[in-house]
Every structure is written in C-alpha cells, then in structure tokens.
Amino acid sequence: MDLVLKGGLVVTAERVEEADVAVKDGKIAAVGPDLPPEGAEVRDVTGRYLFPGVIDAHVHYWMAIGDLVTADDWFTGTRLAACGGVTTVIDYAEPASPAEPLTASLERRLKEAGEQACVDYGLHQVVLPGHEDDERELAAVVARGVPSFKVFTTYNQRLSLDAIGRLLEKARRLGALVTVHCEDHGIITARKEELIAAGKTDPAYHALSRPETAEVKAIRDVIALAGKAGASVYIVHVSTGGGAAAIAAARGEGRPVYGETCPHYLLLTAEKYAGPEGRLYLMCPPLRTAGDNEELWRHLAAGSLQVVATDHCSYTPRQKNAGTAFYNTPSGVPGTETLLPLLYSFGVRSGRLTLPQMVKVLATNPARLFGLYPRKGDLAPGSDADIVVFNPRKEVVLTAAHLHSAAGYTIFEGFPLQGYPEATYLRGRLIYEGGRFLGRAGDGCFIPGRR
Ligand SMILES: [Zn+2]
C-alpha cells in the first residue's frame, strides 16, 4: 500500500460507512474496517467525510469569443477545481466555425488541456450547423473518448430543431449523449427587441429578456425530438421549475431524459440584477425566483434532475463591467471551487439532500452519464484514488480573497458555510491541503469516456 486514510466516514452514492481507504498505484486498493498500514503513509481522518472526487461536468476554461477570453485558463481553472475537491472537469471542444472539422477542434482542445490541466478532464464536443450530418466525424469523436455532443437552440451557433433531430438519431446509433442548451431563440429575440425599443437595456432587464417560457418551450421541443429519435438527451443548466417539471414528466414515462442544474439556480434570484453589481451575476439562462430555487432542490432530491455542475465561465469585474447593456455584457460566472461546499451546506446540512444523494449528483451520476464510471465517481476498489477529505465542522464565510479564480470575485460572497474540503487527492497524490494548492500543471490526464 502507498497510503491509508484511517478512521473516516466513506460516502458513496449508495451508503455512508465507517471505513479505511487504502491506495496503491493511484487506485483504490481496499475500502473496509481496520485496514493494515503495511508500511504505507497513514493519514488520520477521524471525524472527516471521504467523498469521491467531484466531477464538474460543465466548465469553460480558456474560452475565447473573438477577443474576449475567460479569466480562468486551463491552469487556473483546474487549480481552483483542486482547491474545491473537484478532481475531474468536463469542458468543451468547439470548432472555430462550421468549416472546421470536429476532430480538428477536439485535438486542439486536448493539446491545450494536456499542457496545463492540474486535474483530470474530459470533453464534450460542440456541434455547429452542418456538423450534425457528418456521421464519420461524429463517430471519430466518440471513438476518441468523447461520447457527448453539445448543441444550442439559441445564439449564432444554434441548430434548427430539424438538425437537432438528425443529430439525436446519429447519437443514438453511436451510443452518444446529446446535451442541449435550451432557450427558445424566437421568444428571446422578440423579448430582447421589445426591451431595446422601450430603452430597457440595463442589466436589471436581463432576466426579463430571457423568460421562463423560453426555457420551458425549448426543453419540451427537445424532449419531443428525442422521443421521435428514440434517443436519450441531457438538458444543461436547467434554471426553472417548469423546465425541471418537463424533464420529470418525460422520466415519469420511462424516457431517458436527464437534467443538470447549477448552484446559482439553486441559491440566487434575479433580484441580483437590479443591484449595483448586477453585471457580475449575468449568465444565460438568467437567475430566476425563490420559487424556482425551491422547485429545483425538490427535483434534485426526487431524482428528476441528475447532475449539479457549475457552467464555470469566469470574467473579471473589469470585463463584465465593460458591458453597456444586458445583451453585450460577457455572460458567465465562476463556480467550480464552491460547488461542493455550497451543496454540502445548503443541500445536506439544510436537509434537502442526503449525503449519498449529494455524492450522486456531484460525482457518480456525471461519471455514469459521460462514460467515466467506475474509474471516476466512486470510492471502490479499482477506481482512481480521487478522494476529498471533507471537514463537516469547518466554518467558512465565502470570500473571493480565499478562492483561487482569476475572476477575483464570487457570486456567493459572504455566504456562511459549515463544512469545507480539507484535502484533495488526485489518483493518490495530494494536490490540495488546508488552503494550499500542491498540484502541477500538466499532471491532469484526459479520461476517455466510454458509454
Ligand atoms: Zn456552458
């Protein structure tokens, strides 16, 4: 053995048990009571939880839109991940244009990540208009270990519903999962034009410009297309109770429809946009109401939403405040580092989720959906020794000064937490401990997904 964690409470998607965890050659060798140290390094974790390393299944590090580049690159993004107990992130390979082959964009992204990432990573492949008909390229992407596609129903890169339907059919044949950003382009465009005509362009109008109906309609449309194609489908960043209800209804009919939400949709409301720092909270889809927060928690606990990820897409206040209207302010917020502590304090401690449910939505479910299980997402013999040592008594008031994002701010400033990651192991190596990052750029590995 190389390492034995002694005296902790092991939490998996199935159970909480008092057990030691033994690590050898970067893998979990044994989980059980009173494991012999056999010359290994021993760490006393009495009174601590041991969680499988968290998977943030939706991040954007080093994302460039023209001259606008996110504050966090692959290095700072994966460094802050390590500091938050996140040992695997899933980012995106996005072609520069519909003319760029999918595999070219994928290799480019893999190269960037390989040089800089400090935690393990996978990718989703963004599919632009026209790519959906190139079955050879789609198959090559899946064969390379990227079994998920991402499409949009809005923005310039949007696919028509017909095109999404064709992609869903090919994905079914390839065993891939189509993930969709669902906001109805027509509704958003009409609402935006009305607001601009009325001179209402301040960030305070951001949520009105992208109403709940836009999300719910798009989710319903996409679920109907998946049904027609006989395909599974995954809705990213569900922000509304109505959207979650549409997913729950499809699942109630036994359909393979999955949904993801984010901490900001669980914990913040659109009132933030009216404040002096409204731009800092701007993301798409927008924050909603306290009622939506509660509905999303309820659907998460009921299992109708399967994943909490962050959509980490960070810009500095300077970049955000360069926007002059809701529609030209850079959209996105930092989030990976605070994912686990927020879900623990406001999910588990407040009684909305059990410990196994939290592990399910943060690690086991994303590992299963994106083909990383059982290598990732579990604390079981044979799995990678990605382990979070979590102190449930540590009290922390969240503040940007203690976080590691190059954005330099957090939308959860001042949130009182009880419980925080104390140490993070990546394949058996200590990469974070007590506020200090101990990992190295380039140590993260690409983990091919196989569904
Ligand atoms: Zn995103």
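All ligand and atom numbering here is 1-based and tracks the order in the structure.
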Short check: any N/O/S atom of His60 below 2.8 Å from the Zn ion (ligand 1)? yes
For the Zn ion (ligand 1), what is the closest N, O or S atom on Asp311? OD1
Taking atom types as modelled and ignoring hydrogens, do the side chains of Glu337 and Thr310 form a donor-acceptor contact shorter than 3.5 angstrom? no
When the ring planes of Phe152 and His181 are compared, do they come out parallel, tilted or perpendicular, using 30° and 60° as the limits? tilted
Is the closest side-chain donor-acceptor distance between Thr12 and Asp378 under 3.5 Å? no
If the plane angle is over 60° it's perpendicular, under 30° parallel, otherwise tilted; pick one for Phe326 and His206. tilted
State whether His58 contributes an N/O/S atom found under 2.8 Å from the Zn ion (ligand 1). yes
